[in-house]
K.L.:
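Structure incoming, see below.
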Amino acid sequence: MEFYKPSKIEPKWQKIWSKKEIYKAQDFSSKPKFIMLTEFPYPSGDGLHMGHIREYTLGDIYARYIRMNGYNVLFPMGYDAFGLPAENYAIKQHISPQQSTSKNISNFKKQFEKLGFSFDQSREINTSDPKYYKWTQWLFLQFFKKGLAYQEDTLINWCPFCKTGLSNEEVINGRHERCDTLVTKKKLKQWVLKITDYAEKLLTGLKTVDYPKNIADQQINWIGKSEGALIDFEIKNSNQKLTIFTTAHDTIFGVTFMVLAPEHPLIAKITKDEQIASVRSYQKMAESKSDLDRQDDNNPKTGVFTGAYAINPLNGSHIPIWISDYVLMNYGTGAIMSVPGNDLRDYQFAKKYELPIIYTSKENEFVSYQDQIKKDPTKYIMAHSEEFSGLTFKEGRKRILKLIEDKKIGKKQIQYRLRDWIFSRQRYWGEPIPIIHCPDHGAVPVPENELPVLLPKIDDYLPSDDGLSPLSKVEQFVNTTCPICNKPSKRETNTMPNWAGSSWYYLRYFDPNNDQQFASKDKLKYWGKVDFYLGGMEHTTLHLLYSRFWHNFLYDIGLVPFQEPYAKRRGQGIILATDGTKMSKSKGNVVNPIDIIDQGYGADGLHLAIAFLAPYDQTTPWSPESVVGAYRFLDRVYRLFQKTKLDFSLKELDFDLEYQINYVIKTVTEDIEGLNFNTALSSLMEYTNKLYKLSTQPLNKDQWQRALETLIQLLAPFSPFLSEELWSGLSRKGSIHLSAWPKYRAEYLIKSSNLIVIQVNGKLRSKIEVSSNISDQQLKEIVRNDPRIKSIIGNSKISRFIIVKNRLVNIVI
RNA sequence: GGGCGAGUGGCGGAACUGGUAUACGCGACGGACUUAAAAUCCGUUGGUCCAAAAACCUUGAGGGUUCGAGUCCCUCCUCGCCCACCA
């Protein structure tokens, strides 16, 4: 008898699958197409980690399932090789990013092979390959030509450790999401992509795709649409005007002071002489504060009076103008009207500086506007608002807006929290931005036939504190001529962020070797939308949002046939360390998945353990024992196939076995469709246990054969190696992974009898087995005569008799 | 402060649309096989009480709706993730 040894089975099939290219996707196949996309990794020096394995295992299971259902499946893989992590790793290893990247990629490939994922290897891409980034540069130029890529001299988020600017999305709690360094501010000239132009489309597009609520909500919150009004306030004894943005224009009678952000340009023009000194010193103080300090809402409010007054356009009252850093320059107009009766921050500020408070709701005490509206908008009754007092907020809102518009002192305004995307990085390892700066013509795009602008190989690629890219030191690279006038000009030396290459990579899989276009029209049309995109929740407001933006733009300029790139998105949960905390090198609690394979559990054992661990989208701790259970199950399946001395004397079909076969097909199929991989596996385990018990009894040979085939076919997506091995042992032709997914027959799922639960007053008292076609009358009779039930009921009167067909009886006494 | 989600055995987790709570797996305990161990196989395994049968209790806490609630409603507690002085 042979023992189950993954190390003897798995390498053999890796080679065969690879040689026969069984997972190759066909362009223009007549079969229905399906794109299963998982996020491609950046090839780090540590190799694949548990998070990768979970993502690709789940994607692989689904891809294999869909493939067996007769689809032309595209399940691609590539490498997101440009960017900070790769470069920081190279610096640490004292080798060039080119070297480290190619070394790491070959390690990743080896590991992927060992893991046995069903990728179409022929379509592999690498974002740092000039043949690839030529098209990233080309796409950037399309943004430039449409005015959606522009340069701005602005205060940006700066990571002092990585020595580069960052986008808004890359700053998490005031820290750089990659290295956790506190972010500071730096004034730099930057390339910016105008993602804000797509705020509305990115919102409405969400209604056309299948995303889980939490992902859609996160994007909606990030885009942060709010509807309100811009209102102009005249300034007393001045010809200046102060424009504010508010979402609560109906509280305008409660305004008792105005607040400007410390950076507001109007401050210099309106501050009274006697206040200049204190205003200047406050501005200085605010400037030196880090983002994190400034954002802490537990901080006591601080501020300073400018000496100037604004005039309330509706009642003419004079309102002092203050400065405070709780107002942000980069949202709205950088100025607010303060209504301390309804806004907590304004209230705190008013209390501290003893400013008057007017309550504009009938409660006549502090009530948060947001809370009030949310609780019951009809109960919010306005007060202290002249002729509007007594109205509901909804009505007051409408009328005051109309009044403001009629008087031409303001207008309706839609405001988004989304900021434009800071797109340049002062680092070496990225796509050079294909722009030439000409003294006469300004920023000029590199002509298309000169793409790609190659990243020069240089020795000194370390970043510097001055905000200049390492490329600026390379004279052969920098010095060039203007494509328009031929005058000596300088190349742009900033590079693109690592999110550039990944913003369109899925499209390249359709046509990875095309050197005329990023992908041909025909292939874009054939493959269409990504049917299923699985990835990390942490990319919701980064990669996922960015790539939706790019794709929407490409659609608008007619380069892709669909508006949204991903028809269905799901996010997998995180696998924590055994102690329930995040796996991290510094804590030393990292589990290396490849070790698990090498310990003898095999790739199949690893896949199975991960799929069985918990629902795919749940964050859950890793347990080393889960692999033991997975391995034991596979071993049991293996031994089931080793049984040689079976008694096949049975001529008739075993109806119960027939039921089991059809039932397991049904449940496993439905569970995979619903991505309930853990319960699919528990069904397969139960089924296996039943077969194992049956194997000691007389059997019908054909039926038994079918039972075994069903088992390994249903198991194939989860454990590709073992199922292929056992399939070949049944001397079936071809790969099990190209075989047709089993179909159940409903007629075998009809039970002749059912177990009926009998309750008295809702409490379980007895169970009986009765025929499926029993009438309610008959059932009542049987239940009444059940000795246990009889004794419980005794002389009590039965007031109700509830029957749930084929399931339950409840007697109420 | 805002958004989303979750609390079920010793542990990971099941439970379809309100209808047998604790499936499946791990661990533990007992037994078989073995000189022994591993592996495997067969049992037991939410709690209280108990010789046993039965009974009673149990899905974070409390209340409600219902013949019947882990599931629906209300109040509260705890935890996780994301965002956060966004006017």
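Naming convention: chains lettered A, B, ... in sequence-line order (proteins, then strands); numbering from 1 in each chain.
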K.L.:
Could you give the distance separating B:C11 and B:G19 at their C1' atoms, to the nearest angstrom?
P.N.:
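It comes out at 29 Å once rounded to the nearest Å.
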
K.L.:
Which one, B:G12, B:A54, B:A87, comes nearest to the side chain of A:Thr620?
P.N.:
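From the listed options, B:G12 comes nearest.
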
K.L.:
Please check if any side-chain donor atom of A:Ser226 sits under 3.5 Å from a side-chain acceptor atom of A:Tyr331, or the reverse.
P.N.:
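Note: A:Ser226 and A:Tyr331 side chains meet the donor-acceptor criterion.
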
K.L.:
Nearest whole Å is fine: how far is B:A38 P from A:Lys5 NZ?
P.N.:
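Taking NZ of A:Lys5 and P of B:A38, I get 20 Å after rounding.
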
K.L.:
Which listed nucleotide (B:G12, B:C83, B:U40) is nearest to the side chain of A:Pro621?
P.N.:
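Out of B:G12, B:C83, B:U40, the nucleotide with an atom closest to A:Pro621's side chain is B:G12.
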
K.L.:
Can you tell me how far C1' in B:U65 sits from the matching atom in B:C56, rounded to whole Å?
P.N.:
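Approximately 25 Å lies between the C1' atom of B:U65 and that of B:C56.
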
K.L.:
May I have the distance from A:Gln572 (atom CD) to B:C81 (atom P), rounded to whole angstrom?
P.N.:
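Rounded to whole Å, this separation is 16 Å.
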
K.L.:
OP1 or OP2 of B:A54 versus the side-chain N and O atoms of A:Arg765: is any pair under 4.0 Å?
P.N.:
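For B:A54, neither OP1 nor OP2 has a side-chain N or O of A:Arg765 closer than 4.0 Å.
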
K.L.:
Does the side chain of A:Arg636 pick up a donor-acceptor pair with the side chain of A:Asn689 at under 3.5 Å?
P.N.:
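Judged by distance alone, the side chains do pair up.
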
K.L.:
What is the distance, to the nearest angstrom, from the CD1 atom on A:Ile252 to the C1' atom on B:A87?
P.N.:
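Taking atom C1' of B:A87 as the reference, CD1 of A:Ile252 is at 13 Å.
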
K.L.:
Under 4.0 Å, counting only non-hydrogen atoms across every strand here, what does A:Lys767 touch: a base, just sugar-phosphate, or nothing?
P.N.:
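Since a base atom lies under 4.0 Å of A:Lys767, the category is base.
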
K.L.:
Find the distance between CD1 (A:Ile756) and CG (A:Asp786) and round it off to the nearest 0.5 Å.
P.N.:
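If we round to the nearest 0.5 Å, A:Ile756:CD1 and A:Asp786:CG are 12.5 Å apart.
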
K.L.:
For B:C41 versus B:G25, give the span between their P atoms, rounded off to a whole number of Å.
P.N.:
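Between the two P atoms, the distance is 11 Å.
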
K.L.:
Quick one: is A:Lys763 getting a side-chain N or O under 4.0 Å of the B:C57 phosphate, OP1 or OP2?
P.N.:
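Indeed, a polar side-chain atom of A:Lys763 lies that close.
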
K.L.:
Go through A:Thr667 and A:Glu670 one step at a time and tell me if the side chain to side chain donor-acceptor pair (under 3.5 Å) criterion holds.
P.N.:
CA-CA 5 Å; A:Thr667 53; A:Glu670 286 170 358; over 6 Å; no

K.L.:
Round to the nearest Å and state the distance from A:Glu177 atom CD to B:C82 atom C1'.
P.N.:
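Rounding to the nearest Å, CD of A:Glu177 and C1' of B:C82 are 14 Å apart.
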
K.L.:
If you measure from the P atom in B:G9 to the same atom in B:G62, how many Å do you get, rounded?
P.N.:
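My reading of the P atoms in B:G9 and B:G62 gives 15 Å.
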
K.L.:
Determine all donor-acceptor pairs shorter than 3.5 Å in which one atom belongs to a side chain in residues 620-634 of chain A; sequence neighbours excluded.
P.N.:
unit_1	atom_1	unit_2	atom_2	d
A:Ser626	OG	A:Ser623	O	2.6
A:Tyr631	OH	A:Tyr4	O	3.0

K.L.:
I'd like the P distance from B:A28 over to B:U35, given in whole Å.
P.N.:
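It works out to 25 Å between them.
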
K.L.:
Nearest of B:G13, B:C4, B:C41 to any side-chain atom of A:Pro615?
P.N.:
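Ranking B:G13, B:C4, B:C41 by closest atom to the A:Pro615 side chain puts B:G13 first.
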
K.L.:
Choose from B:A87, B:C4, B:C67 the nucleotide whose nearest atom is closest to any side-chain atom of A:Asn214.
P.N.:
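The answer is B:C4.
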
K.L.:
Do the side-chain N and O atoms of A:Asn342 and A:Ser361 include a donor-acceptor pair separated by under 3.5 angstrom?
P.N.:
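Side chains of A:Asn342 and A:Ser361: no pair found under 3.5 Å.
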
K.L.:
Strictly below 4.0 Å: does A:Gln348 bring a side-chain N or O up to OP1 or OP2 of B:C85?
P.N.:
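It does not, given that no N or O in the side chain of A:Gln348 lies less than 4.0 Å from OP1 or OP2 of B:C85.
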
K.L.:
Please measure how far the P atom in B:C24 lies from the corresponding atom in B:A61, and state the result in whole Å.
P.N.:
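One P to the other, the span is 26 Å.
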
K.L.:
Any base atoms under 4.0 Å from A:Leu808, or only sugar-phosphate, or nothing? Heavy atoms, all strands.
P.N.:
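Contact class for A:Leu808: base.
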
K.L.:
Measure from the side-chain heavy atoms of A:Asn810 and tell me the nearest of B:C41, B:G19, B:G12.
P.N.:
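Selected nucleotide: B:G19.
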
K.L.:
For B:G70, does the glycosidic angle fall within 90° of 0 (syn) or outside that (anti)?
P.N.:
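What B:G70 shows is an anti base, its glycosidic angle lying more than 90° from 0.
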
K.L.:
Looking for any heavy atom pair under 4.0 Å, which part of the strands does A:Leu755 touch: base, sugar-phosphate only, or nothing?
P.N.:
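Base: the residue A:Leu755, judged by heavy atoms under 4.0 Å, touches a nucleobase.
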
K.L.:
Measure the spacing between CH2 of A:Trp322 and OH of A:Tyr282 and express it to the nearest 0.5 Å.
P.N.:
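Reported to 0.5 Å precision, the distance equals 10.5 Å.
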
K.L.:
Could you tell me how far apart A:Asp671 (CG) and B:G13 (C1') are, to the nearest whole angstrom?
P.N.:
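Answer to the nearest Å: 14 Å.
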
K.L.:
Which of these nucleotides, B:G43, B:A87, B:C83, is closest to any side-chain atom of A:Lys693?
P.N.:
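For the A:Lys693 side chain, the nearest candidate turns out to be B:G43.
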
K.L.:
Assign a letter to each nucleotide of nucleotides 21-31 of chain B from its 5' end: B, base within under 4.0 Å of a protein heavy atom; S, sugar-phosphate only; -, no contact.
P.N.:
--BBSSS----

K.L.:
Return the value, rounded to whole Å, for the distance between atom CG of A:Asn676 and atom P of B:G13.
P.N.:
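For the pair A:Asn676 CG and B:G13 P, the rounded distance is 14 Å.
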
K.L.:
Please give, in whole Å, the distance from B:G2 C1' to A:Tyr331 OH?
P.N.:
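So the two atoms are 13 Å apart, to the nearest Å.
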
K.L.:
Taking only the C1' atom of each, what is the distance from B:C73 to B:G1 in whole angstrom?
P.N.:
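To the nearest whole Å, 27 Å.
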
K.L.:
Distance only, no hydrogens: is a donor on one side chain within 3.5 Å (strictly under) of an acceptor on the other, for A:Trp499 and A:Glu170?
P.N.:
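On atom types as modelled, these side chains qualify, holding a pair under 3.5 Å.
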
K.L.:
Pick the P atom in B:U71 and in B:U20, then give their distance to the nearest Å.
P.N.:
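Taking atom P in both B:U71 and B:U20, they lie 13 Å apart.
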
K.L.:
Considering residues, nucleotides and ligands other than A:Lys351, do more than 12 of their heavy atoms fall under 6.0 Å from its NZ?
P.N.:
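12 or below, so no.
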
K.L.:
Assign A:Trp222 to base, sugar-phosphate, or nothing according to its heavy-atom contacts below 4.0 angstrom with the strands shown.
P.N.:
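Answer is sugar-phosphate: A:Trp222 comes under 4.0 Å of backbone atoms only.
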
K.L.:
Which is true for A:Gln618 with a 4.0 Å heavy-atom rule: it touches a base, it touches only sugar-phosphate, or it touches nothing?
P.N.:
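Sugar-phosphate, no base atom in range.
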
K.L.:
Where each residue is assigned the nucleotide of RNA chain B containing its nearest heavy atom, which of A:Asn761 and A:Asp343 is assigned the position nearer the 5′ end?
P.N.:
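Nearer the 5' end of the strand: A:Asn761.
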
K.L.:
Of the options B:C67, B:C4, B:A87, whose atoms approach the side-chain atoms of A:Ser226 most closely?
P.N.:
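The answer is B:A87.
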
K.L.:
Run the ring-ring contact (aromatic ring centres under 6.0 Å, His included) check on A:Phe257 and A:Phe349 step by step: do they pass?
P.N.:
CA-CA 10 Å; A:Phe257 58 101; A:Phe349 194 84; 5.4 Å; yes

K.L.:
Can you tell me the distance, in whole Å, between the NZ atom of A:Lys225 and the P atom of B:C83?
P.N.:
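Going from A:Lys225 (NZ) to B:C83 (P), I get 23 Å.
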
K.L.:
Paired stems touching RNA chain B, three or more consecutive Watson-Crick or G-U pairs with both distances under 3.5 Å?
P.N.:
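When the pairs of RNA chain B are grouped into runs of at least three, the stems are B:1-7 with B:77-83, B:10-12 with B:24-26, B:27-32 with B:40-45, B:46-48 with B:55-57, B:60-64 with B:72-76.
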
K.L.:
Given the ring of A:Tyr692, does A:Lys643 sit roughly above its face, with NZ or CZ under 6.0 Å from the centre of the six-membered ring and within 45° of the axis?
P.N.:
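Ring-cation test returns yes.
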
K.L.:
Would you please confirm or rule out a distance under 4.0 Å between OP1 or OP2 of B:A39 and any side-chain N or O of A:Arg639?
P.N.:
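A:Arg639 to B:A39 OP1/OP2: no side-chain N or O under 4.0 Å.
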
K.L.:
For a quick check of understanding: with a heavy-atom distance under 4.0 Å over all strands, which category does A:Val757 fall into, base, sugar-phosphate or nothing?
P.N.:
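Counting heavy atoms under 4.0 Å across all strands, the contact made by A:Val757 includes a base.
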
K.L.:
On RNA chain B, does the nearest nucleotide to A:Val804 precede the nearest nucleotide to A:Lys213 from the 5' side, or the other way round? Give the residue.
P.N.:
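Nearer the 5' end of the strand: A:Lys213.
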
K.L.:
Can the positive tip of A:Lys241 be found less than 6.0 Å from the middle of the six-membered ring of A:Phe233, inside 45° of the ring normal?
P.N.:
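No, A:Lys241 does not sit over the ring of A:Phe233.
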
K.L.:
Indicate whether OP1 or OP2 belonging to B:G2 is found under 4.0 Å from a side-chain N or O atom of A:Arg417.
P.N.:
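Result: no.
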
K.L.:
A:Tyr326 ring centre to A:Lys301 NZ or CZ under 6.0 Å, with the angle to the axis within 45°?
P.N.:
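Satisfied, under 6.0 Å and within 45°.
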
